[in-house]
Asks: 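Below is a structure I'd like to ask you about.
One-based numbering, in listed order, for ligands and for the atoms of each.
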Amino acid sequence: MPEGKGLLIVYTGPGKGKTTCALGTAFRAVGQGLRVLMVQFIKGSWHYGELDAAKMLGDDRFEIRPMGRGFVKIGGAETDPEDIRMAEECWESGRAAIYSGTYDLVVLDEINYTISYKMLDAEKVVEALAGRPEQVHVICTGRNAHPKLVAAADLVTEMKEVKHPYTKGILAQRGIDY
Ligand code: ATP
Ligand code: MG
């Protein structure tokens with residue numbers, strides 16, 4: 001296989017490490033001169049350390065765009081239309097970036113979550129990813145990756161929870177969890 005083949009990568013599963021794995025890959029890619037964009041579904045309220053770390057690298061090398069409001073309203077009869085609107089907007093931003101020619105790696109952080117909650121159509125996403133420019137790498141993160149996305153991907157890693165401090169009542173730690 002020739003070098004420069006864009007990979008479709010999925011980090012999923014219930015264990016911790018999906019978003020941070022994507023960030024680690026982004027860090028490596030930046031070191032190789034690749035231009036990276038991460039669009040973040042759902043996220044938008046918490047101030048994650050990676051937002052400042054990416055700024056230190058420079059917006060032209062690694063940009064992170066939080067495009068949610070930090071939570072989604074679930075439990076009601078229907079998904080809040082505002083959450084669907086935000087998910088669509090984030091998807092359009094990511095899709096446009098993938099097709100723009102400006103980025104070598106685009107991370108769709110927590111997209112699996114929005115698909116599994118029916119805020120975004122799996123088929124539409126998979127079709128757009130399949131037709132992307134050949135050299136562009138894409139990483140999709142989040143629990144419960146859709147079977148169609150898994151089928152289309154070149155690389156899928158499922159994080160397995162062996163232990164997590166949360167079960168002992170230890171709360172999220174600065175620099176590790178956010
Ligand atoms: P990270 O961003 O740390 O790589 P993640 O992307 O794998 O985690 P998410 O499902 O996106 O995990 O969860 C987001 C938040 O929940 C993070 O603050 C993370 O530390 C925490 N978290 C992840 N996995 C678990 C778990 N198994 N139990 C409790 N909290 C978790
Ligand atoms: Mg995550």
Asks: Looking at Asn112, Val156, Thr19, Leu155, which one forms a side chain to side chain contact (heavy atoms under 4.5 Å, CB included) with Tyr11?
Replies: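 Looking at Asn112, Val156, Thr19, Leu155, the match for Tyr11 under the side chain to side chain contact (heavy atoms under 4.5 Å, CB included) is Leu155.
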Asks: Do other residues, nucleotides or ligands put more than 12 heavy atoms under 6.0 Å from the CZ atom of Arg85?
Replies: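 Counting other residues, nucleotides and ligands, CZ of Arg85 exceeds 12 neighbours.
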Asks: Any non-hydrogen protein atom below 4.0 Å of atom 26 (C) of ligand 1?
Replies: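 There is a protein heavy atom less than 4.0 Å from atom 26 (C) of ligand 1.
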Asks: At less than 2.8 Å, would any N/O/S atom of Thr141, backbone or side chain, sit next to the Mg ion (ligand 2)?
Replies: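 No, outside the cut-off.
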Asks: Between Glu127 and Lys124, is there a side-chain N and carboxylate O pair less than 4.0 Å apart?
Replies: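 Salt bridge absent between Glu127 and Lys124.
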Asks: Decide whether the shortest distance between a heavy atom of Ala172 and an atom of ligand 1 is less than 4.0 Å.
Replies: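 The answer is no, since Ala172 has no heavy atom less than 4.0 Å from ligand 1.
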Asks: Looking only at protein heavy atoms, identify the closest one to atom 2 (O) of ligand 1 and say how far it is in Å.
Replies: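 Among all protein heavy atoms, the one nearest atom 2 (O) of ligand 1 is Thr19 CB, 3.3 Å.
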Asks: Any nitrogen or oxygen of Pro14, main chain or side chain, under 3.5 Å from a nitrogen or oxygen of ligand 1?
Replies: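 Yes, there is a polar N/O contact under 3.5 Å.
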Asks: Provide, to 0.1 Å, the distance between atom 8 (O) of ligand 1 and the closest protein heavy atom, together with that atom's residue and name.
Replies: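 Here the closest protein heavy atom is Gly17 N, 3.7 Å.
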Asks: For atom 4 (O) of ligand 1, what's the nearest protein heavy-atom neighbour? Residue, atom name and distance, please.
Replies: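 Looking only at protein heavy atoms, the one closest to atom 4 (O) of ligand 1 is Thr20 OG1, 2.7 Å.
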Asks: In terms of atom number and element, which parts of ligand 1 are under 4.0 angstrom from non-hydrogen atoms of Gly15?
Replies: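 In order of numbering, the contacting atoms are 7 (O).
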Asks: When you measure from the Mg ion (ligand 2) to each N, O or S atom of Glu110, which atom gives the shortest distance?
Replies: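 Nearest to the Mg ion (ligand 2) within Glu110's N, O and S set: OE2.
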Asks: So does Glu161 pair up with Lys163, basic N to acidic O under 4.0 Å?
Replies: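 Salt bridge flag = no for Lys163 with Glu161.
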Asks: Taking the six-membered ring of Tyr99, is NZ or CZ of Arg95 closer than 6.0 Å to its centre and within 45° of its axis?
Replies: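 Judged by the rule (NZ or CZ under 6.0 Å from the ring centre, within 45° of its axis), Arg95 counts as positioned above Tyr99.
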Asks: In a check of salt bridge (charged side-chain N to carboxylate O under 4.0 Å, His left out) between Asp104 and each of Arg132, Arg35, Arg61, which one passes?
Replies: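 Single salt bridge (charged side-chain N to carboxylate O under 4.0 Å, His left out) partner of Asp104 among Arg132, Arg35, Arg61: Arg35.
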Asks: Under 4.0 Å from atom 29 (C) of ligand 1, is there any protein heavy atom?
Replies: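 Yes, there is a protein heavy atom closer to it than 4.0 Å.
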Asks: Which residue and non-hydrogen atom of the protein lie closest to atom 19 (C) of ligand 1, and at what distance in Å?
Replies: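 Minimum-distance protein heavy atom for atom 19 (C) of ligand 1 reads Asp177 OD1, 4.0 Å.
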Asks: Could you tell me whether atom 15 (C) of ligand 1 has at least one protein heavy atom nearer than 4.0 Å?
Replies: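 Not a single protein heavy atom is under 4.0 Å away.
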Asks: Decide whether the shortest distance between a heavy atom of Met159 and an atom of ligand 1 is less than 4.0 Å.
Replies: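 Judged by the 4.0 Å heavy-atom criterion, Met159 does not count as contacting ligand 1.
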Asks: Report the nearest protein non-hydrogen atom to atom 31 (C) of ligand 1: residue, atom name, distance rounded to 0.1 Å.
Replies: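 The closest one turns out to be His164 NE2, 3.3 Å.
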Asks: Does an N or O anywhere in Tyr166 fall below 3.5 Å from an N or O of ligand 1?
Replies: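 No; every N/O pair is 3.5 Å or more apart.
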Asks: Testing the basics here: between Lys5 and His137, what is the closest heavy-atom pair and its distance to 0.1 Å?
Replies: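 It is O-CE1, 3.3 Å.
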Asks: So which heavy atom in the protein is nearest atom 3 (O) of ligand 1, and how far is it from that ligand atom?
Replies: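 I find the closest protein heavy atom is Lys16 NZ, 2.4 Å.
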Asks: Using a 3.5 Å cut-off on N or O atoms only, is Lys43 in polar contact with ligand 1?
Replies: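 No; every N/O pair is 3.5 Å or more apart.
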Asks: Would you mind checking which non-hydrogen protein atom is closest to atom 11 (O) of ligand 1, with the distance to 0.1 Å?
Replies: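 Result: Glu110 OE2, 2.8 Å.
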Asks: Can a donor-acceptor pair be found, under 3.5 Å and without considering hydrogens, that links the side chain of Thr12 to the backbone of Ala145?
Replies: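 Yes; at least one donor-acceptor contact below 3.5 Å.
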Asks: For the side chain to side chain contact (heavy atoms under 4.5 Å, CB included) test, which of Val107, Leu149, Val150, Ile115 pairs with Cys140?
Replies: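 The option that passes is Leu149.
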Asks: Specify the protein heavy atom at minimum distance from atom 10 (O) of ligand 1: its residue, its atom name, and the distance to 0.1 Å.
Replies: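 Going atom by atom, the protein heavy atom closest to atom 10 (O) of ligand 1 ends up being Arg143 NE, 3.2 Å.
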Asks: Roughly how far, to the nearest 0.5 Å, is the CD atom of Glu89 from the CD1 atom of Ile84?
Replies: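 Taking CD1 in Ile84 and CD in Glu89, the distance rounds to 13.5 Å.
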Asks: Would you indicate which of Lys18, Gln173, Lys160, Gln40 comes nearest to atom 7 (O) of ligand 1 when only heavy atoms are counted?
Replies: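 Closest candidate by heavy-atom distance is Lys18.
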Asks: Can you name the nearest heavy-atom pair linking Lys43 to Tyr48, along with the distance?
Replies: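 So the two residues come closest at CE-OH, 3.8 Å.
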Asks: Taking the side chain from Lys16 and the backbone from His164, do they hold a donor-acceptor pair closer than 3.5 Å?
Replies: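 Not a single qualifying donor-acceptor pair exists.
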